Amino acid sequence: MPIIFHFDIDAFFAAVEVLLDPSLKGKPVIVGGTELRGVVSTASYEARRFGVHSAMSTAMAKQLCPQGIFVRGSFEAYRTYSRQIFEIVSDFTSIVEKVGIDEGYLEMSHLSDHDLDDPQAAEIAKQMARTMKQRVHQETGLTISIGISYNKFLAKLASDWKKPDGLFVIAPKEAQALLDPLPILKVHGLGKKSAEKLNRVGLFTVADLRQLGEGNLAYLIGESWARDLYPKLCGIDPRPLTTHYERKSYGRETTFDVDVTDKSELLETLVPYLEEVLTQLQRKSMLAKTLTIKIKYDDFSQHTHSHSLPYATDQWRILFEAMCDLLTSIALERPVRLIGVTLTNLTDNKEQQLSLLDHF
Ligand code: TTP
Ligand code: MG
């Protein structure tokens, strides 16, 4: 059986707003509700304690949480953070299905020959998820929740289980026992209205629906819906991952414990990072044309410096020299808090070779 991860960023838009304005940390932040007739995009967990949630009207949110801090939303920043997180998780697998701006499925079956019923396989998967969460937090300041299971339906359920900053495994042998007592609203695809309707005829839990059998369920909710829902109630979901996420860059960055002013120290930091991202690039048979150095100074101002080569390459010497030249040309303005290197403008090595053949 496969090993699938589902990740989902915690309170995504609200968490980004806190990064953009650290004075919001720990406060009830509500995104999207600046106009009275508007609706809430999301709320920080502090605001959720007052009952505020996505899609609620602003007027209602103001009533429930008058001390809430309403912010308009910074969509460009959300996109940047989203891209960065998808790039981090793609360091762990080449099969990534992007579901939305802040969530996706990862095919992780390569972690073990055994399925998640094997304690060692489950531990390896958990350890990998911890590393992933750590990297996301270190490099972006955001937290994600990860669910691990043997299909998409259960992996998504698992990522929601311990939110925020959660990590939860649903192994095959424990899936049914976990599913059965859940209220039917927890099953993705069942709306509130349908759930209420089923409640009225005495059906409250997954077990209640499952024990009806598919035929009776079809009688209640319709044949096509029952065909989709019934297997899920039994922990079965045959949907494969569809990968329409294509990685656009390979990068690595770090925040120093103590700010750095010495360029040779910066270079020493960047060299192993370039090696690392180049190895990833080569493993995927890709070539890069542009190298970018990102610097964040101690006042949090951020600068990127790029150099584009005449040809896309995966050659260490060429990229190493480009990085050294680029770093030399940068006049440091202040002590450096964060530095990183990224390769972008990617092309497929095989395609490149084929197009070269066209010339003969
Ligand atoms: P979600 O992942 O559903 O919510 P979230 O990330 O804010 O909180 P959590 O995952 O911890 O429960 O959605 C991701 C982002 O999508 C969310 O931050 C804002 C946006 N969004 C809307 O704009 N409107 C909506 O109705 C929903 C559900 C989300
Ligand atoms: Mg989320």
Side-chain angles (χ1 to χ4, degrees), residues 4-21 24-62 64-65 68-89 96-106 129 132-133 135-137 139-149 152-168 170 182-183 185-193 195 245:
I4 313 283
F5 284 19
H6 177 264
F7 75 92
D8 189 304
I9 308 172
D10 302 318
F12 181 37
F13 292 4
V16 171
E17 294 304 328
V18 174
L19 290 178
L20 297 175
D21 176 3
L24 297 176
K25 198 174 162 69
K27 305 216 170 114
V29 179
I30 299 167
V31 180
T34 47
E35 287 148 41
L36 216 51
R37 276 184 307 152
V39 286
V40 172
S41 289
T42 195
S44 66
Y45 278 79
E46 289 81 359
R48 290 183 201 193
R49 269 183 229 125
F50 295 86
V52 179
H53 58 75
S54 297
M56 171 180 276
S57 74
T58 303
M60 176 66 120
K62 285 220 161 107
L64 289 172
C65 184
I69 302 167
F70 290 77
V71 291
R72 190 177 295 261
S74 325
F75 293 93
E76 207 39 59
Y78 304 153
R79 255 197 297 276
T80 307
Y81 277 104
S82 167
R83 208 176 307 132
Q84 209 180 340
I85 287 182
F86 271 94
E87 263 156 26
I88 294 170
V89 299
V96 178
E97 176 178 338
K98 184 175 179 180
V99 186
I101 190 166
D102 88 326
E103 59 171 312
Y105 295 103
L106 313 173
M132 212 179 274
K133 280 160 64 68
R135 265 200 63 194
V136 167
H137 189 245
E139 291 174 33
T140 67
L142 295 169
T143 62
I144 59 173
S145 294
I146 297 182
I148 304 175
S149 197
K152 294 208 297 193
F153 165 64
L154 291 171
K156 187 168 164 83
L157 195 73
S159 77
D160 208 34
W161 208 279
K162 295 245 164 103
K163 243 180 186 302
D165 203 10
L167 171 55
F168 192 60
I170 301 182
L182 290 183
L185 245 184
K186 273 269 177 193
V187 182
H188 196 61
L190 258 183
K192 213 168 157 191
K193 286 232 171 71
Y245 172 75

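First listed ligand is number 1; within each ligand, the first listed atom is number 1. On a predicted model such as this, the values are computed, not experimentally measured, just so you know.
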Protein contact of atom 10 (O) of ligand 1 - nearest heavy atom, named by residue and atom, plus distance: Asp8 OD1, 2.9 Å
Polar contact flag for Phe13 and ligand 1 (N/O pairs, less than 3.5 Å): yes
Contact check, Tyr45 vs ligand 1, heavy-atom distance below 4.0 Å: yes
Region of Arg48 that comes within reach of ligand 1 [heavy atoms, distance under 4.0 Å]: side chain
Atoms in ligand 1 with a heavy atom of Ser54 nearer than 4.0 Å: 25 (C), 26 (O), 27 (C), 28 (C)
pair Lys98-Ser82: side-chain heavy atoms closer than 4.5 Å: yes
Ser145 side chain to Asp10 side chain, donor-acceptor N/O pair below 3.5 angstrom: yes
Element-labelled atoms of ligand 1 that are located less than 4.0 Å from some non-hydrogen atom of Phe12: 5 (P), 6 (O), 7 (O), 18 (O)
Parallel, tilted or perpendicular, as decided by the 30° and 60° cut-offs, for the rings of Phe13 and Phe75: perpendicular
Contacts of type side chain to side chain donor-acceptor pair (under 3.5 Å), residue Arg135, not counting sequence neighbours: Asp91, Glu139
Verify atom 3 (O) of ligand 1: protein non-hydrogen atom under 4.0 angstrom away: no
Main-chain N/O of Gly166 paired to Lys133 side chain as donor or acceptor, under 3.5 Å: yes
Phe12: which of Ile101, Val31, Thr42 passes side-chain contact (heavy atoms from CB on, under 4.5 Å): Ile101
Reference residue Val29; test side-chain contact (heavy atoms from CB on, under 4.5 Å); the match among Leu24, Val52, Asp21, Val16: Leu24
Met60 atom CE, over 12 foreign heavy atoms within 6.0 Å: no
Nearby protein N/O/S atoms (those under 2.8 Å) for the Mg ion (ligand 2), with water ignored: Asp8 OD1, Ile9 O, Asp102 OD2
Distance from atom 1 (P) of ligand 1 to nearest protein heavy atom, with residue and atom: Asp102 OD2, 4.1 Å
Heteroatom distance test (Ile9, ligand 1): nitrogen or oxygen, under 3.5 angstrom: yes
Contacts of type ring-ring contact (aromatic ring centres under 6.0 Å, His included), residue Phe7, not counting sequence neighbours: Phe86
Protein contact of atom 17 (C) of ligand 1 - nearest heavy atom, named by residue and atom, plus distance: Thr42 CB, 3.7 Å
Closest approach of Ala129 to Leu167 (non-hydrogen atoms, all atoms of both residues): CB-CD1, 3.5 Å
Leu19: partners by side-chain contact (heavy atoms from CB on, under 4.5 Å), with sequence neighbours left out: Tyr81, Leu142
Closest heavy-atom pair and its distance - Asp8, Glu103: OD2-CB, 3.7 Å
Nearest-contact summary for atom 24 (N) of ligand 1 - protein heavy atom, Å: Ser41 O, 3.5 Å
Residue-ligand contact Lys163/ligand 1, heavy atom below 4.0 Å: yes
Pro164 heavy atom under 4.0 Å from ligand 1: no
